[in-house]
Amino acid sequence: MKLKYTMDSNFAIVKTIKGVERILEYCRKTGYMSFDFETKAKGGPQSDQDDCTIIGIAFQPGFAYSIPLYHKESNLDPEEIFPLLGKLWEDTSIVKVAWNAKHEYKWVRRYGYDIRGVYLDGMLAKYVLDEEPPNDLKSMVARFIPEFAGYDDEVDKLVKKHKGWEHVPLTPLSEYCCMDADFTLRLSIFFEKLLLRPKNPKFYPLFRNMAMMQSRTFAESELMGVKIDVKYLNRIEQQTRGRIEKNLKKLLAIKVIRRYQEWRITDHIRKLIESTNAEIYAIKTGKKEAKNEASKARMINQREEKISRYIAGELVTKKEVVDEVNFNSPDQMVQLLFTSPKGFRFKIVKYTKDKETKRPTTKPSTDEEVLLELKTKDKTGFIQKLLDHRELSKLHSTYMVSIQERVTPDHKIHGEFKIHGTVTGRPSSANPNLQNIPRTTTSSLIKGMYIPPPGHLLLEVDYGQAELRVAAELSKDPDMIEIFKKGYNVHVATAAKINRKFEKYEEIKGILSDPKHPDHLFWEKQKKRGKVLNFSILYLQSDEMTADQMGVSVEEAIEFKQEWFNQFPLIKKWMSAQERRVRKYGYVEGLFGRRRRLPDIYSDIKGFRNKAIRDSINAPIQGCSSDFTQFSTVIIRDHINRGTIKLTDSLQWRYQAYTVHDSIGYYVQPQFIHKAVPLITEICSNPDTQKYFNFEMQHVKMKVSAEMGKSWGSLEDYSYDKDYSLWLK
DNA sequence: AAATAGCCGTA
DNA sequence: GTACGGCTATTTT
């Protein structure tokens, strides 16, 4: 049976300031304030154009009020309401509860208040308990309070109908808002209880000391934003646009392309005639109704005229006209390269893969790998130009134009970091994604637009070989541990090991730093192979793919892997142990207590089971490495707040700018650099995991390096001897 | 207007 | 091999 809340005494719209004051009283009595804003979803809390339409507040299960803030049906003055709400938010004896509290917190800050005291985010509690999406409130209500599944259906329709929350009539909006606050309170308390079960003692610290603290660091970071050199951005955008246009002209002039376009037109005309003939047939046989005989004749006549126009090649309407060849269209590229009789007629290299099953489809692929293969058979130079076009248009649309569209009047970008964004514990980034900004030489110009604010430099702290260090710690492999203890570069050491020259590590290192040495190129290659090998093994990559990446035969790849395992025997042992654990428990766990549940280990489908085994190895390594970065951001934030680390005098720029999985970016004024950097690297290398997560690294230490830059595109290794103030002149 | 497919950027 | 987000083209509603 589907229940529905009614507007009885439990839920109400507050219409007077007296009513708001009563809510304050209730929250103080129960010690809980669960709240949820409905807002105009546009610029977010950073922009001063958008406002909260309404807030729902619950203080005990089943009891909630809504207060209209900026709603046309309300006569309440928000200027009077906010100071009252502020008293609640800043009252340390009241537990603040929200679903995705980072979002609510940003709005609270926007109105000039802070949230003090204990803070409970049901969504993050749920995420720690179960990392698989969905994580949204509606889905959780459907799962745990199924009698109220779909409670938002009605208001959803109204939002669509009235085009925005702010236009939905107050009564249904208020009811919905109360339900949101109420369900948030109930589920949050429920999930927190589950986190506190003594049988999983690591959950609550992970929730409190990691997830909830990340909520703060990311909220501050998102509000602060990153600075953009808009002049520079506009310049490279224009440049790139020009290059794309020029390339496009050249591409379109290629003979085969002209021929293919002719074919497209004739083929299109053929199809138009076919379908018009089909229409005529439908009219004649009565499948398409006509009012009377006269109109029937007229309809047929019209279509026959159309056909003669088509035959003459006269295409006029938007549907009829054939656009120029579009090199961004995978469909057209398939025709051009493989299927069209007037195209290149290349042999199909491979097929695209189905997302669900990962099996090849019947559609030929035109991805980069395919193009590189075709390039050797192409004499027109088209393939190279297409590759160039792909690269440029990707850079242009994703990393230039979309940034231009998002940049604020004060030249900032406000991305969003999702704590619950991945199943492994890594945060994800969106709107825009600051974690996939191009870094290669061809596109390094992109990072040049990410500059520190005036008077500041960019400090990036990077964890080095985080995943392999974690793997060494988890597996306790003595050989891998030795590499890190000696401070070796793990990929070079691996290269030395698989060549059975480990004792000559220092010598090899010397060769690598001497470009004139006769063996320099050899060891460069070996180092690259070592790196490929390290990752391929950690993630159980197929032999074929490893061979491909290493540039060796499959047989050789298998031998390399064999040798690798001989060199690091305990890693293999750990991997089998992970497999055993996931079979036994259905989940695996990393050092911070973060779990990855892998029920697919019990699937009937072998592919699913194998995936679960790979995940059981990858997830703790990936998640745990990221946990170190995240933990560091939290500790550093604490130091900044206490004043034990100082990066800047600016209040505006005092938060972290970004994190990208194993690196963290800060803005810093030169006079603080030499005091702050050693402190930060010390904290990151030896984080106090004992205190907050009840474990200690037994065998390897984490390692961080620091880089400084006048932009994200020009980072240099930090040096204690450098006078960075000179960089600002 | 919303969903899917293909491709491609990052760690 | 693992983990993501986002753009463009294209189909579906």
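What you are looking at is a predicted structure, and each value in this text was computed from that prediction instead of being measured. When reading the values below, keep in mind they use all heavy atoms of this one structure, side chains included, and skip hydrogens, waters and symmetry mates.
By the side-chain hydrogen bond (donor to acceptor under 3.5 Å, both in side chains) test, T494(A) pairs with N534(A), sequence neighbours left out. Every residue two or more places apart in sequence or in another chain that forms a ring pair (Phe, Tyr, Trp, His ring centres under 6.0 Å) with Y260(A) is listed here: W263(A). Scanning for ring pair (Phe, Tyr, Trp, His ring centres under 6.0 Å) contacts around F484(A) gives an empty result, with sequence neighbours left out. Annotation: ring pair (Phe, Tyr, Trp, His ring centres under 6.0 Å) contacts of F338(A) (sequence neighbours excluded): none.
Checked against a 6.0 Å centroid threshold, the rings of F560(A) and W564(A) do not count as neighbours. Ring-centre distance between Y658(A) and F417(A): not below the 6.0 Å cut-off.
Classified by interplanar angle (parallel below 30°, tilted 30° to 60°, perpendicular above 60°), the ring pair F628(A)/Y463(A) is tilted. Classified by interplanar angle (parallel below 30°, tilted 30° to 60°, perpendicular above 60°), the ring pair H491(A)/F535(A) is tilted.
In this entry the distance linking CG of N433(A) with C1' of dC8(B) reads 12 Å, nearest Å. Across the protein-nucleic acid pair, L395(A) atom CG and dG9(B) atom P stand 7 Å apart, rounded to whole Å. Going from atom CZ of R439(A) over to atom P of dC8(B) covers 16 Å, rounded to whole Å. Distance M400(A) CE to dG9(B) P: 13 Å, rounded to the nearest Å.
Among the protein residues, L538(A) comes within range of no part of the nucleic acid, since none of its heavy atoms lies under 4.0 Å from any strand. Counting any heavy atom pair closer than 4.0 Å across all strands shown, R426(A) reaches a base atom. Using a 4.0 Å heavy-atom criterion, one finds that S536(A) contacts no nucleic acid atom at all. At the heavy-atom level, S429(A) lies under 4.0 Å from the strands shown only through sugar-phosphate atoms. Within the nucleic acid shown, K163(A) has no heavy atom closer than 4.0 Å to any nucleic acid atom. Within the nucleic acid shown, S402(A) comes within 4.0 Å of sugar-phosphate atoms alone, with no base atom in reach, counting heavy atoms only.
Under 3.5 Å, the side chains of Q384(A) and D388(A) contain a donor-acceptor pair of N or O atoms.
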Short heteroatom pairs, N/O only, protein and nucleotides 1-6 of chain B, under 3.5 Å:
{"from": "dG6(B)", "atom 1": "OP1", "to": "T352(A)", "atom 2": "OG1", "distance (Å)": "3.1"}

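Note that the first and last nucleotides of DNA chain C, 5' to 3', having any atom under 4.0 angstrom from a heavy atom of chain A are dG1(C) to dT10(C).
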